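Numbers here simply count residues along the sequence, with the first being 1. As the structure is a computational prediction, the values presented were derived from the model and not from experiment.
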Amino acid sequence: MTISTFEQLVQCVYQHLEVRAPEALPDDDEPLHGLEFNHHGMEVKLIEADEGTSPRVLVFCVFGALPAEFELEGLRKLMEINLFLGNEGNTVFGRDAESGEVNFRFEQQLARIDLNDFIHSLDQLAAQAAEWRGNFYLNDDDEVAEMGAFQFA
């Protein structure tokens, strides 16, 4: 199924992932521009970005806090992954300035989203987030070579 509007994506996420809808959806006069939900233990934020001619959705997946004892090594590893993904231009690890939590962001044009592929991407990220929480990607030297898991079209 292809998606044409942010509201349609939100409704499909509600139905497909059985996410509990917010208590009150905005009226037609006030369109929905963002959604937060939990998916397999990972906080996900969808944000509509409609500048220009091709509306997009920004997807933020919260991986969690980086313990102080692993901060330098962990941030270095995330920078390596970001450099590896540099050619993609729309996928990146970051750190929330307020909470300090690590998040992963990617974006997709709404018109190019296939719902099944999008849900698969969220499943894949939830698994990656769970792995990250276990070792902060510090136990596996080959991890950066396997970062194809973070490439979303």
*asked:* Using the rule given for side chain to side chain contact (heavy atoms under 4.5 Å, CB included), can you reason through Leu17 versus Leu122, listing the C-alpha separation, both sets of side-chain angles and the distance that settles it, and then say yes or no?
replied: CA-CA 10 Å; Leu17 296 180; Leu122 294 180; 4.1 Å; yes
*Give the C-alpha distance, both sets of side-chain angles, the deciding distance and a yes or no for side chain to side chain contact (heavy atoms under 4.5 Å, CB included) between Phe37 and Leu46.*
CA-CA 9 Å; Phe37 60 96; Leu46 306 180; 3.9 Å; yes
*Audit row: Glu43, Lys45, salt bridge (Lys or Arg N to Asp or Glu O under 4.0 Å) steps and yes/no*: CA-CA 7 Å; Glu43 182 183 339; Lys45 298 175 185 176; 3.8 Å; yes
*Steps toward side chain to side chain contact (heavy atoms under 4.5 Å, CB included) verdict (His16, Asn116)*: CA-CA 9 Å; His16 197 80; Asn116 291 328; 4.0 Å; yes
*Applying side chain to side chain contact (heavy atoms under 4.5 Å, CB included), run through Val92 and Leu85 and close with a yes or a no.*
CA-CA 7 Å; Val92 67; Leu85 296 173; over 6 Å; no
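Within the 3.5 Å criterion, the main-chain N or O of Phe63 finds a donor-acceptor partner in the side chain of Arg133. Looking only at distances, a side-chain donor or acceptor of Asn82 sits under 3.5 Å from a matching main-chain atom of Phe93.
Closest heavy-atom contact between Met42 and Ala126: CE-N, 3.6 Å. Residue Leu75 comes nearest to Arg95 through the heavy atom pair CD1-NH1, 3.3 Å, listed as atom of the first residue, atom of the second, then distance. In this structure, Trp132 and Ala65 approach most closely via the heavy-atom pair CH2-O, 3.5 Å. Of all heavy-atom pairs between His33 and Phe6, the closest is C-CE2, 3.6 Å.
Leu138 and Ile81 fall within the same hydrophobic cluster, where Ile, Leu, Val, Met, Phe, Trp and Tyr residues are linked whenever their side-chain heavy atoms come under 4.5 Å apart, directly or through other members. Hydrophobic cluster membership differs between Val62 and Val57, with clusters built from Ile, Leu, Val, Met, Phe, Trp and Tyr side chains linked at under 4.5 angstrom. Residues Ile47 and Val44 do not share a hydrophobic cluster, defined by chaining ILVMFWY side chains whose heavy atoms lie under 4.5 Å apart. Under a hydrophobic-cluster definition in which Ile, Leu, Val, Met, Phe, Trp and Tyr are linked whenever side-chain heavy atoms come within less than 4.5 Å, directly or via other members, Leu58 and Leu9 are assigned to different clusters. Transitive grouping of hydrophobic side chains (ILVMFWY, heavy atoms separated by less than 4.5 Å) brings Tyr14 and Phe118 into a common cluster.
Taking CZ of Phe104 as the start and CG of Leu78 as the end, the distance is 10.5 Å to the nearest 0.5 Å. Separation of atoms NZ (Lys77) and CG (Leu66) is listed at 13.0 Å; rounding is to 0.5 Å. We find the CZ-CZ distance between Phe70 and Phe136 to be 6.0 Å, quoted to the nearest 0.5 Å. Between atom CD1 of residue Ile113 and atom CD of residue Gln8 there is a gap of 10.0 Å, rounded to the nearest 0.5 Å. To the nearest 0.5 Å, atom CZ of residue Arg105 and atom CG of residue Leu125 are 12.5 Å apart. Here the CG atom belonging to Asp114 is positioned 9.5 Å from the CD atom belonging to Gln108, to the nearest 0.5 angstrom.
Side-chain contact between Thr5 and Leu110 is absent, with no heavy atoms from C-beta onward closer than 4.5 Å. With a 4.5 Å cut-off on side-chain heavy atoms, Ile3 and Cys12 count as touching. Contact of the Gln128 side chain with the Glu131 side chain is registered, since non-hydrogen atoms from C-beta on lie closer than 4.5 Å.
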